[in-house]
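Notes follow once the structure below has been shown.
Letters A, B, ... are given to chains in the order of the sequence lines, protein chains preceding strands, and every chain is numbered from 1.
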Number of protein chains: 2
Amino acid sequence: MSETKDRPYHHGDLRRALIDTALDMLATDQNWAFTLREVARRTGVSHAAPYKHFRDREMLLRELARIGFVRLGESMTEAMPPDMPSTRAQFMAAARACIGFACQNPGLYRLMFSSDADKTIDPQLHDAAMATFGILLGLLERGQRDGSFRPVAVSALAAASWAQVHGLAMLAISHQLLEEKVGPAPIPAALDVLLDGMCHGN
Amino acid sequence: MSETKDRPYHHGDLRRALIDTALDMLATDQNWAFTLREVARRTGVSHAAPYKHFRDREMLLRELARIGFVRLGESMTEAMPPDMPSTRAQFMAAARACIGFACQNPGLYRLMFSSDADKTIDPQLHDAAMATFGILLGLLERGQRDGSFRPVAVSALAAASWAQVHGLAMLAISHQLLEEKVGPAPIPAALDVLLDGMCHGN
DNA sequence: CGCATAAGTTTCTCCTGTAAACATGGAGGA
DNA sequence: TCCTCCATGTTTACAGGAGAAACTTATGCG
């Protein structure tokens, strides 16, 4: 009972600890210098320990991306409670949530859409990405049913809004939305333009 | 006069050769395993030679990104000759050119918008990016003058269309525009939705 | 108990970026 | 013409990362 929590040799749940450390790094480090050894170091284990839980670096990255999609989905769902005034308002809230998520986790967001995390290989990652995308699809379908959105193919609306939100997020975390280019409040401005194309009349 | 062209020791224009090799690699390699030593190897020089022309890896990357912006601008300009039927058609052509450029140079396009190529540090890179962005701005302003686009703040149109095109390009090169998600022809579909928001009436 | 095994550690090889020291050959002045 | 300087190469060296292999520990199960 000497050092109950210092170093029990067997960490208990190293896998989780490594993931947490890595997520911290991805939220903090803008510079994408993601090193497996650095993760191990910050977690307080030897540099080979992670290999007992992840076949290689890529596998850890994919798991991180998967968690990223899950969390992004949670953020978006939380941001648009069903009692909101309009579907359009829900859309705006979800879009802002997505972009906010990207800005608060730039490294993670980049990872989620990088080729490092190849979704064609990992079915779990693919499913997570699809589930998050499904939130958007559901919102659009609801909006079409209640007449908020134009009755064009829902896949067209999905492609447009997904690209718009993703594009804004990527540009934002790359610090490319400079005022000299796109004015002082580019995100709501851009979303408004898009919504004008998606909504009826007005 | 033994080996006139094999190895003149002094390469002549190694800087250019390195850049060309690197551009090839960025067009070919999807996997973003961009190694300075590999560039040197493929160019046929020692791994330290590049350091005579670029202070470090980042400096080469920034130069590549700069060239990328120049070429992207050229592609877009070529794609929209001034005698096109409508400004809307010009916009579509420029957008397709941008996305096509990304698909043909995925590594380069990623690099251009990665944090590795920090535009806040390199004024030349910043200028090149601004110039390319200026093509879009010019098109939008022309479209507003001739009544094709709504007379809202041009920065709003710029933010929306830039985000849309960039988003589509990023999703395309990440192989995320799967038919199960966004239908068979997501790019024109998405651009149409956006244009409906940017154009008058109809 | 005693041992099989999961979970850590050390050690090793190969690769990368980068610095320093050395080599070469072409251009400009004596 | 020749010598010397210097830009542009090469070799060598070192630190740090990915990952494999061999070794160690402690833990759960008979």
- Task: Measure the distance from CG on B:Leu18 to P on C:dG17 and round it to the nearest whole Å.
- Result: 13 Å
- Search all heavy atoms of B:Ala65 against all heavy atoms of B:Leu111 and return the closest pair with its distance. N-CD2, 4.1 Å
- Task: With B:Phe69 as reference, evaluate B:Tyr109, B:Phe101, B:Phe113 under the ring pair (Phe, Tyr, Trp, His ring centres under 6.0 Å) test and give the passing residue.
- Result: B:Phe113
- Can B:Glu63 and B:Arg66 be counted as an ion pair, charged N to O under 4.0 angstrom? yes
- Under the side-chain hydrogen bond (donor to acceptor under 3.5 Å, both in side chains) criterion, do A:Arg110 and A:Ser174 qualify, and how do the steps go? CA-CA 10 Å; A:Arg110 269 221 171 76; A:Ser174 303; 2.8 Å; yes
- Item | salt_bridge(A:Glu141, A:Arg145) N-O dist < 4.0 Å | no
- Message: On the nucleotide D:dG9, are OP1 or OP2 found under 4.0 Å from the side-chain N or O atoms that B:His53 carries?
- Response: yes
- Item | Spacing of A:Phe54 atom CZ relative to C:dA7 atom C1', expressed in whole Å | 14 Å
- Closest to side chain of B:Leu14, choosing from D:dT10, C:dT9, D:dG9: D:dG9
- Message: Could you check whether B:Asp192 pairs with B:Arg88 (Lys NZ or Arg NE/NH1/NH2 to Asp/Glu carboxylate O, under 4.0 Å)?
- Response: yes
- Report, as a single string ordered 5' to 3', how protein heavy atoms within less than 4.0 Å touch nucleotides 13-22 of chain D: B base, S sugar-phosphate only, - not at all. B---SBB---
